[in-house]
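Written below as structure tokens is the structure these notes are about.
Predicted, not measured: the structure shown is a model, and the values here were computed from it.
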Amino acid sequence: MDGSTQTTDPGQQSAGGNVRWVICALLFFATTINYIDRQVIGILKPTLQGELGWSEVDYGMIVFWFQAAYAIGLLACGPIIDKIGSKMGYAAAITVWSLAALFHALVRSPGGFSIARFALGLGEAANFPAAIKSVAEWFPKKERALAAGILNAGANVGAIATPIVVPIITLAYGWRAAFIVTGMLGFVWLAAWLIVYRAPEHHPRVSAQELAYIRADQDNDAGTAPIPWRRLFRYRGTWAFVVAKFLTDPVWYLFLFWLPDFFAKRHGLDLKTFGPPLIAVYLLADVGSIGGGWLSSALIKRGYSVNAGRKLALLASAILVLPIMLASTVSSLFAAVAIIGVAAAAHQGWSSNLYTMVSDTFPKSSVASVMGIGGAAGAVGGMIMARYVGHVLETVGTYVPVFIWAGIAYFVALAIVHLLLPNLEDAKPN
């Protein structure tokens, strides 16, 4: 993690335009919708359990099937997106997940919701592989972590919007209406995406100067054929990403699918009252997402190597997550929100840099495939988390063991990443 190695930098070259940030805004909104659709069920968990009579194990299984489909979808969608491109891959994905979101309104049983969540997971799996591939195509290395942080902040905006919008819709029109209204958002975004998105070299609004800026510090891998999917497992970069996602993604899924229930059980909140704490948590997560991307980008601009910049940002994130081990033991709601909010911010800062490591160490032609493999590993970790949390709540009745595990996961992951990739600059596949 030596900071003395200077990376290639476009230096004083002018950007010559901002079309790339328009694309980043589209990626941000897609991620926002993605997280609204996946989080609705977490917000409605107490309501659905009360009305439909689900047990904790029933809910755990519903989440399990979402995670299973998410893992399958990630393994499948990466190579497909690398082959057909971000534009059509994204369009197909958001169509599938929006239809699945609407389907939730038609079912009542745990089995029916499991089918709906499975379809949702298949479609939503393509979001981050397509988004990070787009970032690799549209941004120079020095801006990629910031761009990834901004689009990743869409997850937090979605998580903020959901506890505001869903209770209002549910209390006025019922829980089915919540799934219908949120499910329709994807089709609005789809129209904008099909109209606006082009590759940089084919976009009519990209100037020659902005295109040169985008390409200035990118590796010359234009036209490089994707690395065959099976060969990707020969690279340490793949395994570093896989292990890190497997260990840390379940913590984020814990926030998404169980945080409303935690506030209900530990602090007596309900559909009308747990909105503000959830909003506070995800506002902090937004800060962390952009801040984590900014931190590594700022370090690199100041002369740190890519390796040092990314890993120092990951280390800072791991340190900030650690206090979450106390979240279930404090009696103050304010203290619990602060602890969990800082941990959520740290996780998003962690993710912004972890995603960017893929584009640091693999050619653009293989980014979506590696993202898919790592995302599938994270989803498998989420599957294990779903069964584990359901079991713990049924038997122990407290979140304490879950939060203790969450606090140490990032240090373990970072240690393994550094052992596998002591120097990111040397990890580029041949």
Side-chain angles (χ1 to χ4, degrees), residues 15-37 73-74 76-99 101 123-141 143-155 157-158 183-215 218 221-224 226 293 352 355-356 358-359 363-372 375:
N18 294 297
V19 179
R20 66 195 185 282
W21 294 110
V22 175
I23 300 300
C24 187
L26 281 172
L27 301 176
F28 168 88
F29 286 116
T31 306
T32 299
I33 295 167
N34 184 282
Y35 269 76
I36 289 174
D37 287 339
L74 282 163
C77 75
I80 293 172
I81 293 170
D82 279 331
K83 184 175 182 179
I84 69 175
S86 301
K87 181 174 183 176
M88 297 313 299
Y90 234 141
I94 201 163
T95 299
V96 171
W97 95 55
S98 297
L99 289 172
E124 289 204 340
N127 184 75
F128 282 103
I132 299 302
K133 182 178 180 68
S134 298
V135 167
E137 293 171 345
W138 272 92
F139 287 86
K141 281 186 177 180
E143 290 182 344
R144 285 182 191 171
L146 178 58
I150 292 172
L151 77 88
N152 196 38
V157 171
M184 291 300 297
L185 295 175
F187 295 107
V188 177
W189 182 90
L190 176 62
W193 178 254
L194 293 175
I195 292 169
V196 174
Y197 190 86
R198 302 287 188 279
E201 59 270 20
H202 300 305
H203 201 291
R205 292 180 57 199
V206 174
S207 67
Q209 188 176 4
E210 184 174 12
L211 184 61
Y213 180 83
I214 291 169
R215 299 287 182 251
Q218 292 189 353
D221 58 18
T224 302
S352 297
Y355 292 148
T356 310
V358 177
S359 59
K364 292 187 292 294
S365 58
S366 296
V367 164
S369 294
V370 179
M371 283 290 299

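- Between atom CG of residue L151 and atom OG of residue S352 there is a gap of 7.5 Å, rounded to the nearest 0.5 Å.
- Atom OG1 of residue T31 and atom CZ of residue F29 lie 11.0 Å apart, to the nearest 0.5 angstrom.
- Scanning all heavy atoms of the two residues, the minimum distance from A30 to W97 falls at O-CZ2, 3.9 Å.
- Here the closest heavy-atom approach between residue A126 and residue A93 is recorded as CB-CB, 3.4 Å.
- Using modelled atom types, no side-chain atom of E210 and backbone atom of R205 make a donor-acceptor pair closer than 3.5 Å.
- Here the straight-line distance linking atom CG of D37 with atom CD1 of I94 works out to 8.0 Å at 0.5 Å rounding.
- By the side-chain contact (heavy atoms from CB on, under 4.5 Å) test, V157 pairs with F28, T32, D286, sequence neighbours left out.
- Ring-plane geometry between W138 and H203 is classed as perpendicular, the angle between the planes exceeding 60 degrees on a 0 to 90 degree scale with a lower cut at 30.
- The two residues V96 and G123 come nearest to each other via the heavy atoms CG1-CA, 3.9 Å.
- Shown here are the side-chain hydrogen bond (donor to acceptor under 3.5 Å, both in side chains) partners of S134, two or more places apart in sequence or in another chain: S86.
- Nearest heavy-atom pair, Y355 versus I132, reported as atom, atom and distance to 0.1 Å: CB-CD1, 3.7 Å.
- R20 contributes atom CZ, which lies 11.0 Å from atom CG of L211 (distance to the nearest 0.5 angstrom).
- Applying the salt bridge (charged side-chain N to carboxylate O under 4.0 Å, His left out) test to residues at least two apart or on different chains, none of the pairs has a partner in residues 83-93.
- Looking only at distances, a side-chain donor or acceptor of R144 sits under 3.5 Å from a matching main-chain atom of S359.
- N34 is linked by a side-chain hydrogen bond (donor to acceptor under 3.5 Å, both in side chains) to R38, counting only residues two or more places apart in sequence or in another chain.
- Residue pairs satisfying the salt bridge (charged side-chain N to carboxylate O under 4.0 Å, His left out) criterion with at least one member in residues 21-35, sequence neighbours excluded, are absent.
- F139 is listed as a side-chain neighbour of C24, based on a closest heavy-atom distance under 4.5 Å.
- Between P129 and L74, the shortest heavy-atom contact is CG-CD2, 3.7 Å.
- Residues L99 and F187 form a side-chain contact, since some pair of their non-hydrogen atoms from C-beta on lies under 4.5 Å apart.
- Residues forming a side-chain contact (heavy atoms from CB on, under 4.5 Å) with L185 (at least two apart in sequence, or on another chain): I33, I36.
- Closest non-hydrogen pair, A131 versus Y90, comes out as CB-OH, 3.6 Å.
- Few gaps surround CZ on R198; more than 12 heavy atoms of other groups in view lie less than 6.0 Å from it.
- Residue L27 holds its CG atom at 8.5 Å from CG of N127, rounded to the nearest 0.5 Å.
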